[in-house]
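Read the structure below first, then the notes.
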Protein chains: 2
Amino acid sequence: MTGNIVKNYDPTLYDRPSVSVDVVIFSLVAEDLQVLLVKRKYPPYTGMWAIPGGFVHMDEALEDAAARELAEETGVTDVYMEQLYTFGTPNRDPRTRVITVAYFALVPYDEVHPRPGDDATETAWFSVFDLPALAFDHKEILEYALTRLRYKLEYTAVGFQLLPDEFTLSELQRAYEIILREPLDKRNFRRKILTADILEETGNLRKLGEGRPAKLYRYRANAVAEVKTRRLFP
Amino acid sequence: MTGNIVKNYDPTLYDRPSVSVDVVIFSLVAEDLQVLLVKRKYPPYTGMWAIPGGFVHMDEALEDAAARELAEETGVTDVYMEQLYTFGTPNRDPRTRVITVAYFALVPYDEVHPRPGDDATETAWFSVFDLPALAFDHKEILEYALTRLRYKLEYTAVGFQLLPDEFTLSELQRAYEIILREPLDKRNFRRKILTADILEETGNLRKLGEGRPAKLYRYRANAVAEVKTRRLFP
DNA sequence: ACAAAAGTGTTGAGAGTACACCCATGC
DNA sequence: GCATGGGTGTACTCTCAACACTTTTGT
């Protein structure tokens, strides 16, 4: 049992897996919910589409690694990002044991300037409803991210992270309709979101050709972003 | 940039962190929500209380590692367990870089037979409202687990995992009152949970000394465990 | 018969849902 | 003056919350 004492004292004597981060990047593009994918430059799965990601540096926090990957692929910083789940099935990477901590990010489309990182030949947006074949277990990761995003949108105001700073109520309603895939009633939508007290008028108007100009709103930075859920028990 | 090609082809050339799992084990004990902690046998933090956990074996799935740790400390298998979050701040372990994937488990108190694993001198239950000093960043992990548990209890039926197979409605109500820390109305509670159609009578009665015997119920295995949330938008 | 716990209905308030027309601007 | 998108109110339904007494058993 002396071996156990040593092992418990010195974890570096255990075999260690590799640890990576992958970032599922969502945006609203052309009236559609899309994700940014990269085409792999190196084996395995060379030429296949994948979620952008990379290995965690030894002195780097996980969220810093995720933010670094996001910036490398899109140039954006300071966007909404949260840890999604950690995937570690033993043979998910054919090379060696790789445990990946997945994140998802919500970026306003107008802020993104995709550029392939060192390990990709190409980056492109894909509709979440029409995805190509994906490397590793990335299909599973993406499906989980989508489930979580939909779920989260239902009870938090996180959807604003997908819109530009200023937006009209019609644009906001369209964003929700795209993500939820159902039409919403205009009057009820406006009443509910305005009484929720999470928006403020910017004072500006948007004129786009025909029609009456729309008031522009912004998300109140200090707004309470969560809604009470209907509890199972009284 | 040839170095990059090699690195992308062979992730084992990167330095690798150690990866552990920690399991926050909740149960209802003596009218209180408690967690099982272990007293550390080895440095660092020798003699300090900690969340049970250990290193992930190279050929072992993360959830298998968590289930193994749970079984080692409590003897229980087949209980509710879910991945909580992955903590990877660079210096959270003074020995080396250790990334830990935290899980939380809900166990019925009557099934638990705590016994210290190889790396602990002692195990004990502690009220979540009166915790000792904890090793590493385990305080943070435990607080996060508690937040998640409370949150989850509000919109899923996961609370049943803390009770024995058969229970009375009064016991169930008391369990929810303990966790939510608020008194609930008996009539409203019973109406709501019975109309939710997630329980079935077992046909048995519980007699405990005085008072009218109570009908026993069990959680319907195939019941839909989630409640629709009240959406932020119509 | 009384102490102790189980069990049972009704009413009022607030939120959600469904639904149709007028307003400001560009062409 | 008409086409286009922006903006507004009301009535019905349903769920939630508050509240007190009767029933069954053991002693």
Side-chain angles (χ1 to χ4, degrees), chain A residues 30-31 153-157 163-164 166-178 180-218 224 226-234, chain B residues 31 153-155 157 163-164 166-178 180-218 224 226-234:
Chain A
E31 303 270 304
L153 280 165
E154 296 212 336
Y155 61 93
T156 72
L163 294 173
E166 296 195 338
F167 48 84
T168 68
L169 292 186
S170 294
E171 288 167 352
L172 182 61
Q173 183 179 340
R174 247 172 263 131
Y176 272 84
E177 288 174 338
I178 291 164
L180 298 173
R181 309 216 98 184
E182 57 178 303
L184 302 174
D185 179 83
K186 184 158 64 159
R187 280 168 294 186
N188 292 341
F189 181 85
R190 291 161 109 91
R191 177 164 8 102
K192 188 155 186 184
I193 194 142
L194 291 177
T195 58
D197 199 33
I198 53 179
L199 297 185
E200 59 187 12
E201 296 187 19
T202 65
N204 302 325
L205 296 177
R206 168 159 303 162
K207 310 183 183 61
L208 24 62
E210 310 208 312
R212 174 173 171 177
K215 288 182 185 170
L216 286 166
Y217 292 80
R218 78 166 68 86
V224 177
E226 301 241 335
V227 187
K228 280 278 156 282
T229 59
R230 175 177 300 163
R231 293 204 318 216
L232 179 52
F233 302 103
Chain B
E31 305 269 304
L153 281 165
E154 296 213 336
Y155 61 92
L163 294 173
E166 296 196 337
F167 47 84
T168 67
L169 292 186
S170 294
E171 287 166 351
L172 183 61
Q173 183 178 339
R174 247 172 263 130
Y176 272 83
E177 288 175 337
I178 290 165
L180 298 174
R181 309 217 98 186
E182 58 178 303
L184 302 174
D185 179 87
K186 185 156 68 159
R187 280 166 296 188
N188 290 342
F189 182 84
R190 290 162 110 91
R191 176 163 5 93
K192 189 155 186 184
I193 193 140
L194 290 176
T195 58
D197 200 33
I198 54 180
L199 297 186
E200 58 188 12
E201 297 187 19
T202 64
N204 302 327
L205 296 177
R206 167 157 306 161
K207 308 183 185 66
L208 25 62
E210 310 207 311
R212 176 173 171 174
K215 287 183 186 170
L216 285 166
Y217 291 81
R218 76 167 68 85
V224 176
E226 301 240 335
V227 187
K228 279 278 157 281
T229 60
R230 174 177 297 162
R231 293 202 321 214
L232 180 52
F233 303 104

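All chains are named by letter (A, B, ...) in the order of the sequence lines, taking the proteins before the strands, and each is independently numbered beginning at 1.
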Checklist line | Separation of atom CG in Leu216(A) from atom C1' in dG6(D), rounded to whole Å | finding: 12 Å

Margin query: Quick check: on DNA chain C, is the nucleotide nearest Glu210(A) upstream (toward 5') of the one nearest Thr168(B), or the reverse? Name the residue that is more 5'.
Written below: Thr168(B)

Next item on the list: Would you tell me if any nitrogen or oxygen in the side chain of Ser170(A) comes within less than 4.0 Å of OP1 or OP2 on dG5(D)?
Entry: no

Notebook entry, point to check: Do the non-hydrogen side-chain atoms of Arg218(A) and Pro164(A) ever get within less than 4.5 Å of each other?
Noted result: no

Note to self: Nearest whole Å is fine: how far is dA18(D) P from Phe189(B) CZ?
What the structure shows: 16 Å

Check: To the nearest angstrom, how far is Arg212(A) atom CZ from dC23(C) atom P?
Finding: 9 Å

Margin query: Strictly below 4.0 Å, N to O, side chains only: are Arg206(A) and Glu171(A) in salt-bridge contact?
Written below: yes

Just the atom pairs and distances: protein N or O near nucleotides 8-10 of chain D's N or O, under 3.5 Å.
from: dG9(D); atom 1: O6; to: Arg191(A); atom 2: NH2; distance (Å): 3.2
from: dT10(D); atom 1: O4; to: Arg191(A); atom 2: NH2; distance (Å): 3.3

Note to self: Tell me the closest heavy-atom pair linking Glu201(A) and Tyr217(A), and the distance in Å.
What the structure shows: CG-CE2, 3.4 Å

Next item on the list: Report the C-alpha distance between Leu216(A) and Leu205(A) in whole Å, list the side-chain angles of each, state the deciding distance to 0.1 Å, and finish with yes or no for side-chain contact (heavy atoms from CB on, under 4.5 Å).
Entry: CA-CA 5 Å; Leu216(A) 286 166; Leu205(A) 296 177; 6.0 Å; no

Next item on the list: Return the set of residues passing side-chain hydrogen bond (donor to acceptor under 3.5 Å, both in side chains) with Arg187(B) (not counting sequence neighbours), or none when no residue passes.
Entry: none

Note to self: In whole Å, I'd like the distance from the NZ atom of Lys192(B) to the P atom of dA18(D).
What the structure shows: 13 Å

Check: What's the CD1-C1' distance between Ile193(A) and dG7(D), to the nearest Å?
Finding: 15 Å

Item checked: Results of side-chain hydrogen bond (donor to acceptor under 3.5 Å, both in side chains) for Arg212(B) - residues two or more places apart only -> none

